[in-house]
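Structure first, commentary second.
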Amino acid sequence: MTDRSFTLLPDTGEPGFGVYVHWPFCAAKCPYCDFNSHVRHQPVDQARFVQAFLTELKAVRALSGPKTVTSVFMGGGTPSLMDPSTVGAILDGIAANWYMPDGIEITMEANPSSVEATRFRGYRAAGVNRVSLGVQALNDPDLRFLGRLHDVADALKAIRLAREIFPRMSFDLIYARPNQTVEAWEKELKEAISYAVDHLSLYQLTIEEGTAFYGLHKAGKLIVPDDEHAATLYEATQEITAREGLPAYEVSNHARPGAESRHNLTYWRYGDYAGIGPGAHGRLTQGRSKIATVAERHPETWLSAVEQNGHGIVDREELDHEAQADELLLMGLRLREGVDLARWQQLSGRDPDPDKEQFLLDQGFIERLGNSRLRCTPPGMLILDAVVADLAC
């Protein structure tokens, strides 16, 4: 049964400090995926990678200074391919470098095809208290189209196990798939909500350069919904989830009040986070500066770099206040709560351009929440990139 004794620390509204750990290995590469994920046909030397994670944690701790961790997220790749002992060792390493109070959110991504009850219980025993399942569709033909290794039966089994073992659970779906009608998506979404505990991530299918789908799309062999139909699907998503008690708190993320992903809120509220592992990004405040870090993407190259140099960071950039203000705006306008204007003004050294702001207000794309916050309206979310570009200039 679910551990009912777990109590999540309350959301203070502050950005917090997150630790992101990237496990880069997958059983197969999905045709839509442009994440830093790699397939290995020989067993991964998990013990060696654990030592490298522990080494890089120390290096990043030297950059960040002492911090209180508010969330940990193990992403990938497919972190559920890790042994529970690997997960436990990494969490112990995080606790050895920063303060980890009881009750913080510790999330692991998992694919339904790699789910076993024994492993799930092992992850829970190691400290994981939230799982995010990559379900992606609730019909078998579309799962095959998306290159997933599981079927609907596997997905439902994984959802049941997650609900039984973990205090918190989310799963992902991809919509705006080829030939997907609004009626079909509404039915699938309502079914998903019936299985959900408190959180859903609902992403529109996008064609990213470098993926298998990109080549097919460019050759005219893969047709995705046009912008108008995709917008209709998005609007239906917002309407149904709000009606069913899981409103959007971010462009693609929906939760019952209080069940928002604390880790992702750290990103969107522009907090600090340590990026650990191949390809991981970080943002670390040092005095009045913020440092952006990027690690080597290729797993074995990252591993060698850590063993030789003590870390796998290949790019470290000091962000000036203008760059920080732009990132704050880019991330914060994704949120339903919007952007803290005083913080943006402090970083940018200016007020929003009055003419551009008034134009966006008149068009109904943004709105003020008193004098303290600025947010996108639902129509504005459909053209979010354009709104950010206007306000950032």
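The basis for the numbers below is simple: all heavy atoms, side chains too, and nothing from hydrogens, waters or symmetry mates. Remember, it's a predicted structure, so these values are computed and weren't measured experimentally.
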Problem set entry | Arg177 bridged to Asp142 by N-O distance under 4.0 Å | yes
For this session: Please lay out, stage by stage, how Asp198 and Arg130 fare under the test salt bridge (Lys or Arg N to Asp or Glu O under 4.0 Å).
Result: CA-CA 11 Å; Asp198 56 17; Arg130 181 176 182 271; 5.8 Å; no
Problem set entry | Any Phe6 side-chain heavy atom under 4.5 Å of Leu8 side chain | yes
Exercise. Parallel, tilted or perpendicular: which describes the rings of Phe53 and Trp23, with under 30° parallel and over 60° perpendicular?
Worked result: tilted
For this session: Just do the side-chain hydrogen bond (donor to acceptor under 3.5 Å, both in side chains) check on Glu56 and Trp302 with the steps written out, would you?
Result: CA-CA 10 Å; Glu56 189 164 75; Trp302 171 85; 3.1 Å; yes
Problem set entry | Worked check of side-chain hydrogen bond (donor to acceptor under 3.5 Å, both in side chains) between Glu14 and Thr12 | CA-CA 5 Å; Glu14 296 298 315; Thr12 63; 5.4 Å; no
Exercise. In Å, rounded to the nearest 0.5 Å, how long is the span from CG of Leu133 to OG of Ser170?
Worked result: 8.0 Å
Exercise. How far apart are the C-alpha atoms of Arg262 and Ser71, what are their side-chain angles, what is the distance that settles it, and do they pass the side-chain hydrogen bond (donor to acceptor under 3.5 Å, both in side chains) test?
Worked result: CA-CA 6 Å; Arg262 299 294 174 77; Ser71 65; over 6 Å; no
Exercise. So, the side chain of Gln204 versus the backbone of Ile174: is there a donor-acceptor pair under 3.5 Å, distance only?
Worked result: no
Problem set entry | Main-chain N/O of Gly93 paired with Asn97 side-chain donor or acceptor, under 3.5 Å | yes
Exercise. Hey, is the main chain of Pro112 close enough, under 3.5 Å, to the side chain of Asp154 for a donor-acceptor pair?
Worked result: no
Problem set entry | Within 6.0 angstrom of Asp227 CG, more than 12 heavy atoms from elsewhere | no
Problem set entry | ring-ring contact (aromatic ring centres under 6.0 Å, His included) contacts in which one or both residues fall within residues 214-242, not counting sequence neighbours | none
Seminar exercise, completed: Correct closest heavy-atom pair for Asn371 and Leu341 would be O-CD1, 4.0 Å
Problem set entry | Distance-only donor-acceptor check, side chains Ser201 and Asn253, under 3.5 Å | yes
For this session: Give a yes or no on whether Lys356 atom NZ has more than 12 heavy-atom contacts from other residues, nucleotides or ligands under 6.0 Å away.
Result: yes
Exercise. Do the rings of Tyr249 and His199 sit parallel, tilted or perpendicular, given the 30° and 60° boundaries?
Worked result: perpendicular
Exercise. Taking 4.0 angstrom as the limit, do Glu209 and Lys218 come out as a salt bridge?
Worked result: no
Problem set entry | Main-chain N/O of Glu208 paired with Asp34 side-chain donor or acceptor, under 3.5 Å | no
For this session: Indicate yes or no: at least one non-hydrogen side-chain atom of Val388 is less than 4.5 angstrom from one of Leu391.
Result: no
Exercise. If you take all heavy atoms of Ala274 and Trp98, which pair is closest and at what distance?
Worked result: CB-CH2, 4.0 Å
Exercise. For Gln238, does its backbone N or O pair with a side-chain atom of Thr241 as donor and acceptor, under 3.5 Å?
Worked result: yes
For this session: State plainly whether the residues Glu239 and Arg243 are in salt-bridge range, i.e. N to O under 4.0 Å.
Result: yes
Exercise. Can you hop from Leu156 to Val135 via hydrophobic side chains spaced under 4.5 Å?
Worked result: yes
Exercise. Any sub-3.5 Å donor-acceptor pair from Thr237's side-chain atoms to Leu233's backbone N or O?
Worked result: yes
Seminar exercise, completed: Note: Pro15 and Gly271 closest approach over all heavy atoms is CB-CA, 3.3 Å
Exercise. For the ring pair Tyr267 and Phe73, is the centre-to-centre distance below 6.0 Å?
Worked result: no
Exercise. Do Glu260 and Glu105 have side chains that get closer than 4.5 Å, going by heavy atoms?
Worked result: no
Exercise. Would you call Lys290 and Glu318 a salt bridge, using N to O less than 4.0 angstrom?
Worked result: no
Exercise. Taking atom types as modelled and ignoring hydrogens, do the side chains of Gln46 and Thr86 form a donor-acceptor contact shorter than 3.5 angstrom?
Worked result: yes
Which donor-acceptor pairs under 3.5 Å do the side chains of residues 373-383 make with protein atoms, sequence neighbours left out?
from, atom 1, to, atom 2, distance (Å)
Arg373, NE, Glu337, O, 2.8
Arg373, NH2, Gly338, O, 3.0
Arg375, NE, Glu367, OE2, 2.6
Arg375, NH1, Arg336, O, 3.2
Arg375, NH2, Glu367, OE2, 2.9
Thr377, OG1, Gly364, O, 2.5
Thr377, OG1, Phe365, O, 3.2
Thr377, OG1, Gly380, N, 3.2

Problem set entry | Over all atoms of both residues, closest heavy-atom pair of Pro31 and Gly147 | CD-CA, 3.8 Å
Problem set entry | Expected output: side-chain Gln136 to main-chain Leu143 donor-acceptor under 3.5 Å | no
Problem set entry | For Asn36, all residues meeting side-chain contact (heavy atoms from CB on, under 4.5 Å), sequence neighbours excluded | His22, His38, Pro278, Arg297
For this session: Quick one: do Glu164 and Arg121 satisfy salt bridge (Lys or Arg N to Asp or Glu O under 4.0 Å)? Show the steps, please.
Result: CA-CA 10 Å; Glu164 175 187 340; Arg121 291 193 176 92; 2.9 Å; yes
Exercise. Do Tyr175 and Leu146 belong to the same hydrophobic cluster, where Ile, Leu, Val, Met, Phe, Trp and Tyr are linked whenever their side-chain heavy atoms lie under 4.5 Å apart, directly or via other members?
Worked result: no
Exercise. Out of curiosity, does Leu149 fall in the hydrophobic cluster containing Leu173 (side-chain heavy atoms, cut-off under 4.5 Å, transitive links)?
Worked result: no
For this session: For the pair Glu322 and Arg350, evaluate salt bridge (Lys or Arg N to Asp or Glu O under 4.0 Å) and give the outcome as yes or no after the intermediate values.
Result: CA-CA 10 Å; Glu322 183 178 352; Arg350 63 181 176 87; over 6 Å; no
Seminar exercise, completed: Nearest heavy-atom contact between Leu328 and Val339 is O-CG2, 4.1 Å
For this session: Output yes when a side-chain donor or acceptor of Gln286 lies under 3.5 Å from a complementary backbone atom of Leu63, and no otherwise.
Result: yes
For this session: Tell me, yes or no, whether the heavy-atom count around Asp362 atom CG, taken from other residues, nucleotides or ligands under 6.0 Å, exceeds 12.
Result: yes
Seminar exercise, completed: Interatomic distance, CE@Met108 vs CD1@Ile90, rounded to 0.5 Å, equals 8.0 Å
For this session: Provide the closest heavy-atom pair for Gly76 versus Tyr20 in the form atom of the first, atom of the second, distance.
Result: N-OH, 3.7 Å
For this session: For residues Phe145 and Phe213, establish whether the separation of their ring centroids is below 6.0 Å.
Result: yes
For this session: For the pair Ile193 and His254, evaluate side-chain contact (heavy atoms from CB on, under 4.5 Å) and give the outcome as yes or no after the intermediate values.
Result: CA-CA 10 Å; Ile193 291 170; His254 305 254; over 6 Å; no
Exercise. If we only count heavy atoms from C-beta on, is the Ile240 to Lys190 side-chain gap below 4.5 Å?
Worked result: yes
For this session: Give, for atom CG of Leu329 and atom CE of Met331, the distance between the pair rounded to the nearest 0.5 Å.
Result: 11.5 Å
Exercise. Does a side chain donor of either Thr78 or Asn111 reach within less than 3.5 Å of an acceptor in the other side chain?
Worked result: yes
Exercise. Under the salt bridge (Lys or Arg N to Asp or Glu O under 4.0 Å) criterion, do Arg283 and Asp272 qualify, and how do the steps go?
Worked result: CA-CA 5 Å; Arg283 292 290 185 276; Asp272 277 14; over 6 Å; no
Exercise. Counting only N and O atoms by type, is there a donor-acceptor contact under 3.5 Å from the side chain of Tyr99 to the main-chain atoms of Pro66?
Worked result: no
Exercise. Is a side-chain N or O of Ser289 found less than 3.5 angstrom from the main chain of Thr285, in a donor-acceptor match?
Worked result: no
